[in-house]
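A short worksheet on the structure shown next.
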Amino acid sequence: MTPIANDSRLVTAPQTLSAWSRLPASYAIPDHPPSLAEAHEYCRELARSHYENFSVATWFLPKPLRQDFLNVYAYCRISDDLGDEVGDARASLALLDEWQAELNACYQGIPRHPVFVALAETVKKFNIPKHEFSDLLTAFRQDQTVTRFETFNDVLAYCRYSANPVGHLVLYLCGYHDAERQQLSDYTCTALQLANFWQDVTIDYSKGRIYLPLEDLRQYSVTEKDLAQNLNTDGFCEMMKFEVERAREWFILGLPLVKKVDAQLAVDLELFSRGGQEVLNAIERQRFAVLGRRPAISKRRKLSLVARAALGKFLGIS
C-alpha cells in the first residue's frame with residue numbers, strides 16, 4: 001500500500017512498516033528529527049560501517065567538504081539499499097515513495113530522517129537541485145520493474161539516472177555547476193557503471209537482471225541459459241570483449257574532466273577512473289570469462305592506485 005500524504009507528512013501504512021523491518025533498524029524514518037550534530041554523526045557512522053573504498057576516498061577530500069560528502073554518501077547508500085536489499089519489488093517501491101517524500105520534506109525545510117537533516121544543510125550551502133537526488137530514485141524504482149534492456153542506448157538511458165547524478169553531486173560539492181563539466185562527468189560515471197555491470201553479470205543474473213543489451217546477446221548467439229549455467233562460450237567471451245572496449249571508450253571521453261577541475265578533485269577523479277579501468281583490465285585478464293567468476297582487483301593493485309593518487313596530491317600533480 002502506498003503511504004498516504006497527510007499535511008505534507010506521511011502516515012506510514014502497516015505494509016510499509018513491515019518493509020522497513022527488512023532493513024537495518026537505523027534506516028527507518030523517526031517520529032522526530034535529530035539534532036544537526038546527531039545527524040552528522042549518523043552519516044559518519046553509516047559511511048564507516050560500509051565500503052572501505054569510500055573511507056579511502058575521503059582521505060583525499062578537503063577537510064571542510066568531508067561532512068558534506070558523507071551526507072551525500074549516506075543518502076545514496078540508503079537509497080540504493082531501499083531498491084536492492086528489501087527482496088520484494090512492491091515493498092521497495094513503497095519505501096522509495098516514502099524516501100522521496102522525505103526528500104521533498106528536506107527541500108521544504110521539515111525533514112525527520114537524520115540523513116535529510118544533514119543533507120538539508122549541504123543542499124542549501126551548495127545550491128543543489130532536487131532532481132539530482134530524485135533521479136537516483138527513478139533508477140531504483142526502475143530496477144523493480146525493468147530487468148532487461150533491448151539496446152545499448154537503453155542501458156545508457158538507465159545510467160542517466162543510476163550513475164550520472166552521482167557525478168553531478170560531486171561537482172556541485174566542489175563548486176562546479178556548468179553543463180560542460182557535467183557532460184564529461186557523465187561519460188566517466190557511465191563508464192564506471194558499465195564496468196560494474198560487466199564485472200557482475202553473474203550476480204545481477206542471480207537477482208533476475210541482465211544489463212547486457214539483448215541485441216548483443218542475439219548477435220553473439222548467447223542465451224539466457226548460458227548465463228544461468230555460467231557457460232563462458234566463445235560467443236559470450238567475444239561479446240564481453242566488445243562490451244569492455246565500449247566501456248573503455250566512455251572512460252576516454254571523460255578524461256578531459258581531470259584537467260578542468262582543481263588538483264584535489266582531479267586526484268579523486270583519477271583514482272575512481274583508474275579503478276574502473278582496472279576492473280576492465282581484470283575482465284580481460286580472465287579472457288572475458290566472467291560467468292561464475294567475478295573479476296576482482298588485487299589488494300596490491302588497489303594499494304598501488306591509492307599510492308599513486310596520494311603521491312599526486314602531495315606533489316600537487318593534477
Side-chain angles (χ1 to χ4, degrees), residues 51 53 57 76 80 83-84 135-136 138-140 142-143 146-171 182-220 222 224 226-227 232 235-258 268-291 293-297 301-302 305:
Y51 303 105
N53 58 336
C76 296
D80 186 53
D84 217 32
D135 280 355
L136 287 170
T138 297
F140 300 138
Q142 185 175 342
D143 281 336
V146 179
T147 60
R148 304 290 188 275
F149 298 85
E150 178 61 31
T151 69
F152 184 63
N153 283 337
D154 293 332
V155 177
L156 295 181
Y158 174 78
C159 293
R160 149 79 176 81
Y161 294 101
S162 69
N164 297 356
V166 176
H168 294 182
L169 290 170
V170 170
L171 289 174
Q182 287 188 356
Q183 179 62 74
L184 292 172
S185 170
D186 289 348
Y187 293 140
T188 298
C189 290
T190 292
L192 287 167
Q193 180 76 91
L194 294 176
N196 180 253
F197 286 158
W198 308 160
Q199 180 185 35
D200 287 337
V201 175
T202 296
I203 292 174
D204 289 331
Y205 187 78
S206 71
K207 297 177 181 178
R209 300 171 189 162
I210 299 176
Y211 293 103
L212 291 161
L214 297 183
E215 63 180 4
D216 294 348
L217 267 68
R218 291 193 296 269
Q219 180 179 346
Y220 288 91
V222 178
E224 287 201 27
D226 295 334
L227 304 185
N232 291 290
F236 176 82
C237 293
E238 280 298 311
M239 178 186 66
M240 289 307 303
K241 180 179 180 180
F242 170 71
E243 305 295 0
V244 164
E245 290 306 313
R246 187 145 62 175
R248 283 186 172 132
E249 291 171 2
W250 284 81
F251 275 117
I252 291 170
L253 289 172
L255 282 177
L257 181 60
V258 173
D268 291 309
L269 291 175
E270 184 174 359
L271 178 61
F272 283 107
S273 182
R274 288 185 180 278
Q277 292 178 73
E278 277 300 313
V279 169
L280 299 180
N281 292 340
I283 293 173
E284 184 172 14
R285 284 193 293 271
Q286 289 186 196
R287 298 176 183 250
F288 308 99
V290 301
L291 294 178
R293 182 185 168 202
R294 184 179 187 269
I297 305 173
R301 186 57 185 151
K302 286 180 181 178
L305 292 171

Hey, what do you get for [atom1] ([X]) to [atom2] ([Y]), rounding to the nearest 0.5 Å?
X	Y	atom1	atom2	result
I210	D216	CD1	CG	12.0 Å
T188	Q277	OG1	CD	9.0 Å
R160	T190	CZ	OG1	10.0 Å
F288	E245	CZ	CD	6.5 Å
C76	L136	SG	CG	5.0 Å
C189	F272	SG	CZ	10.0 Å

Would you confirm whether [X], through its side chain, and [Y], through its main-chain N or O, come within 3.5 Å as a donor-acceptor pair?
X	Y	value
D204	R209	no
N164	S185	no
S273	L269	no
W198	E243	yes

Between [X] and [Y], which heavy-atom pair has the shortest distance, and what is it?
X	Y	result
G83	F140	CA-CB, 4.3 Å
D135	P165	CB-CG, 3.7 Å
A191	A247	CB-O, 3.8 Å
G276	A195	O-CB, 3.8 Å
T202	L291	OG1-CA, 3.3 Å
L227	V222	CD2-CG1, 4.4 Å

With [X] via side chain to side chain contact (heavy atoms under 4.5 Å, CB included) - residues at least two apart:
X	answer
R293	Q286
R294	Q199, D200, I203
E238	Y220

**Report entry** Flag side-chain contact, heavy atom, 4.5 Å: F152 against L194
**Finding:**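 Yes - at least one pair of side-chain heavy atoms lies under 4.5 Å apart.
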Query raised in the report: With side chains defined as the heavy atoms from C-beta onward, is the minimum distance between M240 and N232 less than 4.5 Å?
Result: no
Query raised in the report: Can you name the residues that form a ring-ring contact (aromatic ring centres under 6.0 Å, His included) with Y211, not counting sequence neighbours?
Result: F149, Y158, F197
Query raised in the report: Quick one: side-chain hydrogen bond (donor to acceptor under 3.5 Å, both in side chains) partners of E284, sequence neighbours excluded?
Result: R248
Requested in this report: Answer yes when R218 and E215 have at least one side-chain N-carboxylate O distance shorter than 4.0 Å, and no when they do not.
Outcome: no
Query raised in the report: After noting the C-alpha distance and the side-chain angles of I283 and K241, does the key distance pass the side-chain contact (heavy atoms from CB on, under 4.5 Å) rule?
Result: CA-CA 9 Å; I283 293 173; K241 180 179 180 180; over 6 Å; no
Query - Check against side-chain contact (heavy atoms from CB on, under 4.5 Å), K207 and D84 - result: CA-CA 9 Å; K207 297 177 181 178; D84 217 32; 3.0 Å; yes
Using distance only, find each side-chain donor-acceptor pair of residues 251-258 under 3.5 Å and give its atom names and separation, not counting sequence neighbours.
none

Requested in this report: Would you please say whether a donor-acceptor pair under 3.5 Å links the side chains of D154 and T151?
Outcome: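 Yes, side-chain donor-acceptor contact under 3.5 Å.
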Query raised in the report: Any chance CZ of R287 has more than 12 other-residue heavy atoms, nucleotides or ligands included, within less than 6.0 Å?
Result: no
